[in-house]
S.K.: 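First the structure, which I've put down as structure tokens, then a few questions once you've had a look.
Computed from a predicted structure; not experimentally measured. Along the sequence shown, residues carry numbers from 1.
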Amino acid sequence: VQLQASGGGLVQAGGSLRLSCAVSGHTSSIYTMSMAWFRQAPGKAREFVAAVRSSNSSPYHALSVKGRFTISRDTAKSTVYLQMNSLKPDDTAVYFCAARGYWSVAYTSSSSWTYWGQGTQVTVSS
């Protein structure tokens with residue numbers, strides 16, 4: 001399974017970006033795998049942002065982004081998205097997409113995810 005993240009960039013505070021994570025490899029990956037977004041700012045630990053469960057597409061969002069970010073997936077395109085609105089300078093980080101074969105109650109922990117994309121930089125200016 002390969003994950004390719006894209007869509008990062010430089011945006012002013014209050015602006016929006018949509019990140020994409022294309023899934024390739026096993027043909028049924030997008031259907032059977034749960035997906036997530038994490039982020040890592042310089043000097044900080046990798047932080048959970050959002051996840052979507054494979055079995056019922058239930059979304060989960062970190063409190064810090066709830067109401068501003070939305071995770072979704074398009075199974076026809078084998079792609080997972082992170083729509084980010086009302087961006088703040090504190091959202092500046094490298095954003096990574098991740099995948100695993102089944103849901104885990106430890107979904108907010110980066111160590112519980114099996115596959116990782118290469119990361120895409122998001123910079124929010126004040």
S.K.: Would you say the side chains of Ser16 and Asn85 form a donor-acceptor pair under 3.5 Å?
M.R.: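 Note: Ser16 and Asn85 side chains meet the donor-acceptor criterion.
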S.K.: Is any side-chain heavy atom of Pro89 closer than 4.5 Å to one of Val124?
M.R.: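 With C-beta onward as the side chain, the pair touches.
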S.K.: To the nearest 0.5 Å, what is the distance between CZ (Arg18) and CZ (Phe69)?
M.R.: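 Those atoms lie 15.0 Å apart.
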S.K.: Using the ring-ring contact (aromatic ring centres under 6.0 Å, His included) criterion, which residues pair with Tyr60? Sequence neighbours excluded.
M.R.: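 Tyr60 satisfies ring-ring contact (aromatic ring centres under 6.0 Å, His included) with Trp103, Tyr107 once adjacent residues are dropped.
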S.K.: What's the spacing between Ser24 OG and Leu3 CG if we round to 0.5 Å?
M.R.: 7.5 Å
S.K.: Please check: side-chain N/O of Ser109 versus main-chain N/O of Ala106, any donor-acceptor pairing under 3.5 Å?
M.R.: no
S.K.: Got a sec, which residues hit salt bridge (charged side-chain N to carboxylate O under 4.0 Å, His left out) with Arg68, two or more places apart in sequence or on another chain?
M.R.: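 With neighbours one apart ignored, the set is Asp91.
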S.K.: Could you list all the ring-ring contact (aromatic ring centres under 6.0 Å, His included) pairs where at least one residue sits in residues 79-102, not counting sequence neighbours?
M.R.: none
S.K.: Supply the atom-to-atom distance Ile71 CD1 to Ser58 OG, rounded to the nearest 0.5 angstrom.
M.R.: 11.5 Å
S.K.: Return the minimal non-hydrogen interatomic distance between Ala5 and Gln118, and the atom names on each side.
M.R.: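 Looking at all heavy atoms of both residues, the closest pair is O-NE2, 2.8 Å.
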S.K.: I'd like to know if the side chain of Gln121 pairs up with that of Thr123 as donor and acceptor (distance under 3.5 Å, no hydrogens or angles considered).
M.R.: yes
S.K.: What pair of heavy atoms forms the shortest contact from Leu19 to Thr120, and how long is it?
M.R.: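 Heavy-atom minimum between the residues: CD2-CG2, 4.0 Å.
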S.K.: Side-chain heavy atoms nearer than 4.5 Å, only ILVMFWY residues, links allowed to pass through others: does that put Val52 and Phe48 together?
M.R.: no
S.K.: If you round to the nearest 0.5 Å, how far is SG of Cys21 from CD of Gln4?
M.R.: 8.5 Å
S.K.: Once rounded to the nearest 0.5 Å, what's the spacing between atom CZ of Arg53 and atom CZ of Arg100?
M.R.: 11.0 Å
S.K.: Check whether Val23 and Val49 end up in the same hydrophobic cluster, where Ile, Leu, Val, Met, Phe, Trp and Tyr are linked by side-chain heavy atoms less than 4.5 Å apart.
M.R.: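 Result: yes, single cluster for both.
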S.K.: Determine, using the 4.5 Å side-chain heavy-atom cutoff (strictly less than), whether Leu17 and Val94 are members of one ILVMFWY cluster.
M.R.: no
S.K.: So which atom in Thr70 and which in His61 form the shortest heavy-atom distance, rounded to 0.1 Å?
M.R.: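 Residues Thr70 and His61, closest heavy atoms: CA-NE2, 3.4 Å.
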S.K.: Can you check ring-ring contact (aromatic ring centres under 6.0 Å, His included) on Trp116 and Phe38, steps first, answer last?
M.R.: CA-CA 10 Å; Trp116 289 87; Phe38 283 76; 5.3 Å; yes
S.K.: Can you tell me how far apart CE (Met35) and OG (Ser54) are? Round to the nearest 0.5 Å.
M.R.: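 That separation rounds to 10.5 Å.
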S.K.: So does Lys77 get a backbone contact from the side chain of Thr79, meaning a donor-acceptor N/O pair under 3.5 Å?
M.R.: yes
S.K.: Looking only at heavy atoms, what is the nearest atom pair of Ser34 and Trp113, with distance?
M.R.: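 That closest heavy-atom pairing would be O-CZ3, 3.3 Å.
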S.K.: Which heavy-atom pair separates Arg46 from Ser110 by the least distance, and what is that distance?
M.R.: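 Closest pair (atom of Arg46, atom of Ser110, distance): CD-CB, 4.3 Å.
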S.K.: Identify the two heavy atoms, one from Arg73 and one from Val80, that lie closest to each other, and give their separation to 0.1 Å.
M.R.: CB-CG2, 3.9 Å
